[in-house]
Student: 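Okay, here's the structure, questions in a sec.
As the structure lists them, so they are numbered: ligands from 1, and atoms in each ligand from 1. We use all heavy atoms of the structure for the numbers below, so side chains are in, but hydrogens, waters and symmetry mates are not.
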Amino acid sequence: MKILVTGGLGFIGSHTVVELANSNFEVVIADNLYNSKEDVLEKLEKITGKKFKLYKYDLTDKTKVEEIFNKENIDGVIHFAGYKAVGESVREPLMYYQNNLISTINLLEVMKKYNVKKFVFSSSATVYGDNGYTRYVESMGRGETTSPYGTTKAMIEKILEDLYYSDNSWNITLLRYFNPVGAHESGLIGEEPNGIPNNLMPYVMKVASGKLEQLSIFGNDYQTVDGTGVRDYIHVVDLAKGHVKALENAPAGLNTYNLGSGKGVSVLELVTTFEKVNNIKVNYKVVDRRPGDLPEYYADASKAFEELRWKTEKTIEDICRDSWNYERKMNN
Ligand code: UFG
C-alpha cells in the first residue's frame with residue numbers, strides 16, 4: 001500500500017514515515033520545507049534502510065498536488081502538513097486559514113478526482129476547547145477553540161465530516177493528539193522548533209543544554225496536584241505508531257480517536273523527571289499564568305485501544321531520556 005505523507009519531514013511526520021516503513025508501507029513524502037529540513041530525508045533513510053521519494057511541493061498549489069497523484073499510485077494519505085504555532089496564528093490568522101485550509105481542500109479535491117478515499121488527519125486535543133472537563137472523551141464533541149491554529153483543526157474536522165456525509169465511501173480517521181514530545185531513540189530525528197521554543201519540552205532542553213538561562217513555569221496556583229499545569233505528554237514514536245494502526249485497523253467510515261497516554265503529568269513532575277533521568281539540573285522560576293492556558297487536561301484513550309488496538313508503550317522517563325539524547329546528539 002502506497003501512502004502519501006504530507007509534512008513527512010516534520011516532527012510527527014518524520015517519525016510516522018519510520019513506523020510506516022517498519023510496517024512495510026510504501027511511502028511518498030510531500031513537504032515544502034517551511035518548518036523542516038531536507039537532511040531529515042537522509043536520516044529517515046539511515047534509520048529505515050529504505051529510500052523515499054520526496055516532492056518539495058507546496059500543497060496550496062493544486063497543480064503540484066495533482067502532479068503527485070498523476071505520477072504516483074497513491075492508496076491513502078496521512079496529512080500532517082500545516083502551520084502549527086499557536087501564538088503566531090493569533091498574530092497572523094489569515095496566513096493560518098489560507099495555508100491550512102487551502103492545502104487540505106486541494107488535497108481532498110485531487111484525492112476525489114483520483115478516487116483515493118483513505119485519509120488520516122492530524123488533529124489536536126485543542127478542538128475540545130475549554131469544556132470544563134479534564135478527561136477528554138471523543139463523544140464530547142468539539143468546543144470553542146482558543147486560537148486560529150486550533151480553529152483550522154476544528155474547521156478541517158468539520159470539512160471532513162461534511163465530505164463523508166456527502167459520500168460515505170470515504171474512509172476518514174481524525175486523530176486528536178495530546179502533547180507530542182520525545183524523539184526517535186536513534187537521536188537522529190526529533191523536534192526542531194524555529195527560534196525560542198513556546199512549548200515546554202523544547203524549552204526545558206534549551207535550558208538543560210545552557211542555550212537558555214531559565215525555564216519560566218507558568219503558574220503554580222492551579223487546582224492541580226502541585227499547582228502547575230497538567231497535560232498528557234505522548235512520546236512521538238507511540239504517536240507515530242498510532243497512525244499505522246489507524247491505517248491498519250480503523251473501521252469503515254469516519255472515525256475520531258484521541259491519541260494520548262491517558263495520564264496527566266504536571267509541569268513540575270516533568271521537570272523533576274527530566275532532571276532525575278538525565279542527571280542534569282534545569283533552572284526554573286515560577287511566573288504568572290500564561291493567558292489562555294487550561295489548568296489540566298488529558299486523554300481518555302480507551303477508544304483507540306478498543307478499536308485501533310493501540311496504546312502508548314513509552315513512559316515519561318523514556319520521553320525525557322530520548323528528548324535529551326536527541327538534543328545532545330544533534331545540537332551540541
Ligand atoms: N509551560 C510552562 N513554561 C513554558 C512552556 C509551557 O510552564 O515555557 C507549561 C504550560 O503552562 C502548560 C504546559 O507547560 O501547562 C504545556 O505547555 P505547552 O506549551 O508545551 O503545550 P500546550 O498544552 O499549551 O499546547 C498544546 C499543543 C498545541 C495546542 C495547545 C492548545 O502543543 O498544539 O495545546 O491548548 F494548540
Student: Identify, for atom 16 (C) of ligand 1, the protein heavy atom at the shortest distance, and state residue, atom and that distance.
Tutor: Y233 OH, 3.4 Å
Student: Within the structure, does S216 bring an N/O atom to less than 3.5 angstrom of an N/O atom in ligand 1?
Tutor: yes
Student: Just need the protein heavy atom nearest to atom 20 (O) of ligand 1, so name the residue and atom and give the distance.
Tutor: L200 N, 2.8 Å
Student: Using distance alone, decide if ligand 1 has a nitrogen or oxygen within less than 3.5 Å of any nitrogen or oxygen in V230.
Tutor: no
Student: Just so I know, are the side chains of K117 and M111 near enough to count as touching, which here means a heavy-atom distance under 4.5 Å?
Tutor: no
Student: Could you give me the CA-CA distance, side-chain angles and deciding distance for Y55 and E72, then say whether side chain to side chain donor-acceptor pair (under 3.5 Å) is met?
Tutor: CA-CA 11 Å; Y55 289 90; E72 308 283 345; 2.7 Å; yes
Student: Under 3.5 Å, side chain of K303 to main-chain N/O of S139, donor-acceptor pair present?
Tutor: no
Student: In terms of residue, atom name and distance, what is the protein heavy atom nearest to atom 18 (P) of ligand 1?
Tutor: N199 ND2, 3.4 Å
Student: So, is S124 polar-close to ligand 1, with some N/O to N/O distance under 3.5 Å?
Tutor: no
Student: Compute the minimum heavy-atom distance from Y297 to ligand 1 and say whether it is under 4.0 Å.
Tutor: yes
Student: Could you check atom 31 (C) of ligand 1 against the protein and tell me its nearest heavy-atom contact, residue, atom and distance included?
Tutor: T126 OG1, 3.2 Å
Student: Minimum distance, heavy atoms only, to atom 14 (O) of ligand 1: which one of V267, V287, D232, L270 is it?
Tutor: V267
Student: Which residue and atom name correspond to the protein heavy atom nearest atom 19 (O) of ligand 1, and how close is it?
Tutor: R290 NH2, 2.8 Å
Student: Checking a contact table here: which protein heavy atom is nearest atom 11 (O) of ligand 1, and how many Å away?
Tutor: D293 OD2, 2.6 Å
Student: Tell me whether R176 forms a cation-pi arrangement with Y136, defined as NZ or CZ under 6.0 Å from the six-membered ring centre and within 45 degrees of its axis.
Tutor: no
Student: Among all protein heavy atoms in this structure, tell me which lies nearest to atom 21 (O) of ligand 1, with the distance rounded to 0.1 Å.
Tutor: N179 ND2, 3.2 Å
Student: Answer whether the closest heavy-atom distance between the side chains of W310 and N249 falls below 4.5 Å.
Tutor: no
Student: Under 4.0 Å from a heavy atom of V86: which atoms of ligand 1 are those, numbered in the order shown and with their elements?
Tutor: 36 (F)
Student: Among protein heavy atoms, which lies nearest atom 4 (C) of ligand 1, and at what distance?
Tutor: F218 CE1, 3.2 Å
Student: Any nitrogen or oxygen of K84, side chain or backbone, less than 3.5 Å from one on ligand 1?
Tutor: no
